[in-house]
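Structure, as structure tokens:
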Amino acid sequence: MKTFATIVVSAALGFVTVFQCVPRREPERIPPTWFELPGLPVSVDGQPTRTWEEVNQALRRATSDHMHSVEFVENLKAKTPETSGPRVRITYVPAGRSAGPGRTTVEEVTVRPFFPVAVPWSRAHQTDLVRYEVERPDIAQ
Amino acid sequence: MTRNPAKHPAIPSRRHWGLLGAAFAVLVAASVLLIAQTAQYFSFDFRFAFFLERPFLTTDRVWAACFYMHVAGGILCLATAPLLLWNGLARGHQGLHRALGRIHAVAALGWVGPTGLYLAPFAKGGAAGQLGFLLLGLWFVATSGLGIVAIRRRDLRAHVAWMVRSYALILSALSFRILHRVLHELGVAATTNYVASTWASLVLAIVSGEVLGRRLASTWREPALVPAAIP
């Protein structure tokens with residue numbers, strides 16, 4: 001009885017202590033792997049898309065093969081490693097500049113997939129860790 | 001069922017002690033690597049792959065606290081279990097064994113077990129993966145608890161058997177990672193790999209714990225009868 005009481009008390013004290021030590025994190029509004037720009041998508045590498053969901057699927061398809069060949073380094077203290085995947089061209093109609101009849105206001109951006117961090121034992125889940133950022137925006141008329 | 005004493009000697013021979021020592025050395029080395037790896041979580045950095053795969057859970061402080069308790073308890077269990085088993089088998093210092101045993105009991109039943117059961121429903125791999133971790137947690141709590149109950153009743157054989165089973169389950173953390181890496185190298189898809197590694201490490205832990213636990217318990221003799229036999 002005394003043994004199990006010790007275990008229960010230790011567990012409770014441990015939980016309270018650890019709970020206080022865990023840093024607070026604000027909830028993220030969107031999943032970090034999600035890529036979206038303000039506006040409506042038109043195409044990914046020339047392939048027509050209608051929603052950002054389709055764009056994200058296309059991004060994943062484009063990067064997944066490449067990601068399987070990436071070697072992770074085991075240094076968490078290192079800065080964000082420049083482990084980039086193949087660039088993807090996305091065209092979209094920016095919000096507030098909808099393409100009406102006779103007008104084509106489409107913007108093209110190059111999106112760079114990259115890993116925010118490198119840790120061991122994560123190679124099987126690489127596509128879950130990929131982030132996307134706009135590399136070089138330029139306007140295509 | 002009685003065992004044939006000639007086939008199953010009660011006291012490990014010098015050769016057996018050598019094999020046990022070699023196996024222990026490998027286990028300890030692998031455990032040290034695993035401890036060094038998992039201890040990095042205490043940087044409280046959320047950029048680990050484990051967290052990045054679960055962006056919404058890391059904002060849940062209860063989940064995070066359970067995770068850190070699970071890791072801390074797991075490290076304590078991994079560190080104390082080989083010492084306890086070796087010290088127990090070699091009939092070493094009883095005082096040391098008791099002190100380490102208390103730490104191990106708190107870590108196993110107070111930290112690792114309950115938090116593992118809490119974390120199981122959040123595990124990857126869908127229902128199959130979650131069920132695997134749930135069974136692992138339940139069996140771990142059961143074996144560890146029964147091991148402690150046995151020693152409170154001075155039933156040394158049962159204590160040896162249950163604690164060996166419990167230790168085998170602790171080592172499933174190690175076998176899971178090895179299997180996961182091997183299956184990944186073989187090109188198994190990520191989700192399939194995760195579930196397969198979970199269940200394979202669980203089955204391996206249960207079977208090996210059962211076999212070794214029974215074996216060690218069946219060959220166990222009271223300490224007073226065998227002091228000269230220990231090399």
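Just so it is clear, the structure is predicted and the values come from calculations on it, not from any experiment.
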Sort Val22(A) into side chain, backbone, both or neither according to what part of it lies under 4.5 angstrom from a heavy atom of chain B. both
Is Leu183(B) close to chain A through its backbone or its side chain, or both, or neither, when contacts mean heavy atoms under 4.5 Å? neither
Please flag which part of Arg102(B) lies under 4.5 Å from any non-hydrogen atom of chain A: side chain, backbone, both or neither. neither
May I ask you to decide if the ring planes of Phe133(B) and Tyr194(B) are parallel, tilted or perpendicular, using 30° and 60° as cut-offs? tilted
Take the angle between the ring planes of Trp139(B) and Trp162(B) and call it parallel below 30°, perpendicular above 60°, tilted in between. perpendicular
Distance under 6.0 Å and angle within 45° of the ring axis: does Arg61(B) meet both against Phe19(A)? yes
Is there side-chain contact between His104(B) and Cys77(B), with at least one heavy-atom pair below 4.5 Å? yes
